[in-house]
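Just so it is clear: chains get the letters A, B, ... in the order the sequence lines come, proteins before strands, and each one is counted from 1.
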Amino acid sequence: MPRIFSGVIRALSNIYQYPDSQKAAPGEIELDLPIQVVHDVSRIATPGAALGERSGFWVGGATHAHVATGNLTSTPSPYDNTGTTASSTYPTAPDPLEWGAWIYSAWIETNDQVDWNYGTLGINQGIDNLGPAGAGVPIAIQNIVYWNARVNDYPIENSATAGRFARPIPLLTRIPVSGTGRPFLRFLTNADTAGTVTNDMNYLFWMGKRGTLPPGF
Amino acid sequence: MADFSNHTDGELDAVMKDSPYVEAMPEKDRDDLQIEWCKRNRVKFEKPDGTVKYVPDNFPE
């Protein structure tokens with residue numbers, strides 16, 4: 001080895017063996033940085049993500065077209081219990097003991113603020129194979145939204161062609177889902193004038209396995 | 001009795017959106033139109049006097 005190299009190596013050895021230099025070695029540094037828990041929404045925010053094909057955010061809804069006077073009632077659900085499967089539904093629901101749904105918000109739009117009368121949005125409290133419904137007891141409906149076109153219980157945006165709740169309703173209610181596809185919402189609207197009143201209800205909810213919580217909780 | 005069962009979904013929607021036509025219908029025909037729409041959309045139809053005109057199968061109450 002040439003003398004010049006051995007001299008350089010000897011000089012570097014002195015530097016790295018110096019006690020203060022060893023203190024600065026990476027393995028001896030204590031990182032005093034705050035540890036922040038980050039909820040990785042990207043892994044669970046969509047169906048088909050980390051927790052299974054049914055986990056994540058969903059949107060759903062129902063449309064009521066009032067040609068005749070009276071009530072229209074529907075039970076919108078992400079599950080189709082009629083045996084058919086649309087692109088946005090599953091043919092069967094998951095085990096209610098393992099899965100739950102949290103409704104984030106629901107809102108209603110109407111194309112005719114004059115001829116529609118009132119409506120409610122409720123949650124089916126009983127479900128198939130679990131709880132009172134399995135014993136033949138009628139399913140209890142807990143109305144979570146009631147509105148009246150004339151009283152305007154909730155603020156509705158004024159529009160010549162459409163009206164809607166100006167404020168989506170935060171609900172955040174855990175709802176058990178049924179193994180046979182029991183729809184868990186109940187949407188009722190009333191028109192007191194025969195015409196072409198159309199009311200749309202939309203809702204946003206999150207589904208996940210037992211023990212998991214929606215983003216933000 | 002008005003029969004709308006042979007209408008496609010699009011044709012049925014077009015009829016329902018034709019306000020003057022719908023309003024000129026006899027009430028019975030209008031109910032039949034609403035019943036046909038409810039059948040296709042799994043919606044329960046109840047008249048103002050409480051008469052239930054259509055309930056989908058396995059409809060939760």
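Contact tally against chain A (heavy-atom pairs below 4.5 Å) for B/E23, B/M25, B/R30: the top residue is B/R30. Most heavy-atom pairs under 4.5 Å with chain B: of the set A/A194, A/A68, A/A62, this distinction falls to A/A68. No other option in A/S74, A/A191, A/A65 has as many heavy-atom pairs under 4.5 Å with chain B as A/A65.
Under the 4.5 Å side-chain criterion, counting only non-hydrogen atoms from C-beta, B/F4 is in contact with B/V15. The closest side-chain heavy-atom distance from B/L33 to B/Y21 is not below 4.5 Å. Within the 4.5 Å cutoff, no side-chain heavy atoms of B/E46 are placed close to those of A/T73.
A donor-acceptor pair under 3.5 Å is formed between the side chain of B/R42 and the backbone N or O of B/D57.
In this structure, chain A has a heavy atom under 4.5 Å from the side chain of B/V22, while its backbone stays farther away. Contacts between B/K47 and chain A at a heavy-atom distance below 4.5 Å involve backbone atoms as well as side-chain atoms.
The environment of CD in B/E27 is sparse: at most 12 heavy-atom neighbours from other residues, nucleotides or ligands sit within 6.0 Å.
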